Amino acid sequence: MSNRDTLFSTPVHKLGDWTFDERVAEVFPDMIQRSVPGYSNIISMIGMLAERFVQPNTQVYDLGCSLGAATLSVRRSVQVDGCKIIAVDNSPAMVERCRRHIDAFRASTPVEVIEADIRDIDIENASLVILNFTLQFLAPADRLLLLERIYQGMKPGGALVLSEKFSFEDAEVGELLFNMHHDFKRANGYSELEISQKRSMLENVMLTDSVETHKARLRQAGFQHSELWFQCFNFGSLVALKAGAA
């Protein structure tokens, strides 16, 4: 049973920038379920995508793995020989808990959990790479470089899952979906104070892109095919494919 997220239920004297620290790690499962519409759908569908794309004797990367939800979904779904999952996060609190979660579930596919900046990780022999609400926390200037490295390290026929919070080029639609997301959080028991404090902490740290920007960047990185496969309000997930060997 995860702890309930009450981190911002009382006024915080000095709101700094958001960090994935011990306090956030402690309540993260509850926080993400109540804050990200469609999150559990995305996690279970990542498992289904893994069944299609993970090839024998290749690696799966979960970049920005937090507590390992996507890693566990892949591990439950994949039964191929010689596959290894590499889960990476730069938060010591997340990594420590992720290792415990992985160890709690016995499975044949090995998982290596690494505490590191995802920009420093070599991507090699990958058949599936997951960026589940991770890219939005990188400096915009670093995003294309990371996607290019993923593409270079991916086997033909491999796939990238890219889940993000979106901004919208149409301001009216953007405002509607932004407000609907706030309705979603209110319906899940967050107060106006919690919503506004969290938003002000995230605004310098989480810089969102439009779906069009993501697709253009994926194309620039080399991915010939990409499409939005899931969206709920201003959250969603794209899949990008590296063409198979000719």
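All values derive from a computational prediction rather than experimental measurement.
- Sequence neighbours left out, the pairs with a member in residues 100-109 that pass side-chain hydrogen bond (donor to acceptor under 3.5 Å, both in side chains) are E96-R100.
- A search for salt bridge (charged side-chain N to carboxylate O under 4.0 Å, His left out) contacts involving E227 returns K215, not counting sequence neighbours.
- If you take CG on L63 and CD1 on I121, they are separated by 7.5 Å, rounding to the nearest 0.5 Å.
- Cluster membership check: I102 shares its hydrophobic cluster with I46, using side-chain heavy-atom separations under 4.5 Å among Ile, Leu, Val, Met, Phe, Trp and Tyr.
- Pairs of residues two or more places apart, or lying in two chains, never qualify as ring-ring contact (aromatic ring centres under 6.0 Å, His included) while including a residue from residues 29-80.
- In this view, R76 satisfies the salt bridge (charged side-chain N to carboxylate O under 4.0 Å, His left out) rule with no residue, not counting sequence neighbours.
- More than 12 heavy-atom neighbours from other residues, nucleotides or ligands sit within 6.0 angstrom of CD on E115.
- M94 places none of its side-chain heavy atoms less than 4.5 Å from the side chain of C65.
- Side-chain contact between I32 and L67: absent, with no pair of heavy atoms (C-beta onward) separated by less than 4.5 Å.
- Both the sub-6.0 Å distance and the 45° axial angle are not jointly satisfied by K165 relative to the ring of F133.
- In the hydrophobic clustering of this structure, V239 groups with V36; members are Ile, Leu, Val, Met, Phe, Trp, Tyr whose side-chain heavy atoms approach within less than 4.5 Å, directly or through other members.
- Scanning for ring pair (Phe, Tyr, Trp, His ring centres under 6.0 Å) contacts around H214 gives F166, with sequence neighbours left out.
- To the nearest 0.5 Å, atom CZ of residue R99 and atom CG of residue D89 are 10.5 Å apart.
- Taking the ring pair (Phe, Tyr, Trp, His ring centres under 6.0 Å) definition, one finds that F178 meets it with H182, sequence neighbours left out.
- A 6.0 Å sphere centred on CG of D81 holds no more than 12 heavy atoms belonging to other residues, nucleotides or ligands.
- No side-chain heavy atom of V74 sits under 4.5 Å from any side-chain heavy atom of D62.
- Contacts classified as salt bridge (Lys or Arg N to Asp or Glu O under 4.0 Å) and involving residues 121-141 (residues at least two apart or in different chains) are not found.
- When the side chains of ILVMFWY residues are joined at heavy-atom separations under 4.5 Å, either directly or via intervening members, V211 and L147 end up in a single hydrophobic cluster.
- A donor-acceptor pair is defined here as one N or O able to donate and one able to accept, closer than 3.5 Å; such a pair exists between the side chain of R75 and the backbone of F105.
- In this structure the side chain of L138 reaches within 4.5 angstrom of the side chain of I118, judged on heavy atoms.
- Shown here are the side chain to side chain donor-acceptor pair (under 3.5 Å) partners of R219, two or more places apart in sequence or in another chain: there are none.
- The minimum heavy-atom distance between S210 and E169, with the atom names listed, is OG-OE2, 3.1 Å.
- The shortest distance between side-chain heavy atoms of E172 and L176 does not fall below 4.5 Å.
- Within 6.0 Å of CZ on R52 lie no more than 12 heavy atoms contributed by other residues, nucleotides or ligands.
- L218 CG to K242 NZ: the interatomic distance, rounded to the nearest 0.5 Å, is 13.5 Å.
- When the ring pair (Phe, Tyr, Trp, His ring centres under 6.0 Å) test is applied to F168, no partner is found at least two apart in sequence or on another chain.
- To the nearest 0.5 angstrom, Q152 atom CD is 11.5 Å from I123 atom CD1.
- Counting heavy atoms from C-beta outward, N188 and K185 have side chains that stay 4.5 Å or more apart.
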Just list the side-chain donor-acceptor pairs under 3.5 Å for residues 228-235, sequence neighbours left out, or say none.
residue: W229; atom: NE1; partner: S237; partner atom: OG; Å: 3.1
residue: Q231; atom: NE2; partner: F233; partner atom: O; Å: 2.9

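- I130 is connected to L241 through a chain of hydrophobic side-chain contacts under 4.5 Å among Ile, Leu, Val, Met, Phe, Trp and Tyr, so both are in one cluster.
- Here the CG atom belonging to L207 is positioned 11.0 Å from the CG atom belonging to L135, to the nearest 0.5 angstrom.
- Q224 CD: more than 12 foreign heavy atoms inside a 6.0 Å radius.
- Linking Ile, Leu, Val, Met, Phe, Trp and Tyr whenever their side-chain heavy atoms come within less than 4.5 Å leaves M45 and L131 in two separate clusters.
- Sorted by first then second residue, the side-chain hydrogen bond (donor to acceptor under 3.5 Å, both in side chains) pairs that include residues 129-146, not counting sequence neighbours, are R119-D142, N132-S163, R143-D209.
- Under a 3.5 Å cut-off, the side chain of Q59 and the backbone N or O of I86 do not form any donor-acceptor pair.
- Every residue two or more places apart in sequence or in another chain that forms a side-chain contact (heavy atoms from CB on, under 4.5 Å) with Q55 is listed here: T58, S127, K155.
- Within the 4.5 Å cutoff, no side-chain heavy atoms of V78 are placed close to those of V60.
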